[in-house]
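The structure under discussion appears below in the form of structure tokens.
This structure is a prediction, so every number in the text was calculated from the model and none was measured.
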Amino acid sequence: IVPIVTGQPLLHDHIAQGRTVIANLPGQLFMDVIRNNADALFMVLKLICVRTQLNREQNFIYSTETLQTRLAKKLVFLVDYHSYQDKDKILLNLKLSQENLAELLQTSRQSINKELAALSNQHIIEVKYNQIFILDFEKLSDIAQTR
């Protein structure tokens, strides 16, 4: 939406995990629809407002919570969408390097390494070859402050 309305190039691509539905409209058609249809324009405005609010909340979280809390929240989120039960552990179904996690949490790989080691020492997670096993989901949720 933003590149079409502003006439600027797309700044980044999005990567989808799992089933995804995409609407692909020519830019001019989209502009004609929102110029001539108040309901469509309202829905686009609503979408932009929701995304803006989510971004503001995310920025607030990043500026006020510890890295351990942010990491725990990200792991809890990943459990909800990308995991399966493996015996007495939960296995994240994504291979994530420490660099990937650092990028997601806007920090350094060294900081992520330290936090993963701390969670591992508390027997909350286990890390093996870019795979993360959740050993104690309740403790992880407590750290994430989601319960």
I112 side, atom CD1; R109 side, atom CZ - distance, nearest 0.5 Å: 10.5 Å
I'd like to know if the side chain of Q145 and the backbone of S141 have a donor-acceptor N/O pair within less than 3.5 Å. no
Under the side-chain contact (heavy atoms from CB on, under 4.5 Å) criterion, do K139 and H123 qualify, and how do the steps go? CA-CA 9 Å; K139 285 184 183 176; H123 305 287; over 6 Å; no
Do other residues, nucleotides or ligands put more than 12 heavy atoms under 6.0 Å from the CD atom of Q131? yes
Side-chain heavy atoms nearer than 4.5 Å, only ILVMFWY residues, links allowed to pass through others: does that put F133 and L94 together? no
Nearest 0.5 angstrom please: F42 CZ to I34 CD1, how far? 14.0 Å
Side-chain touch L119/Q68, heavy atoms, less than 4.5 angstrom: yes
Any donor-acceptor pair under 3.5 Å from T52 side chain to I48 backbone: yes
Do other residues, nucleotides or ligands put more than 12 heavy atoms under 6.0 Å from Q122 CD? yes
Between Q85 (side chain) and K87 (backbone), is there a donor-acceptor pair under 3.5 Å? yes
Verify the distance criterion only: is there a donor paired with an acceptor across the side chains of S97 and N100 at less than 3.5 Å? yes
May I have the step-by-step check of side-chain contact (heavy atoms from CB on, under 4.5 Å) for L116 and L101, ending in yes or no? CA-CA 10 Å; L116 289 173; L101 283 171; 4.1 Å; yes
M31 vs I4, test: side-chain contact (heavy atoms from CB on, under 4.5 Å). Steps then yes/no. CA-CA 8 Å; M31 292 299 289; I4 292 170; 3.8 Å; yes
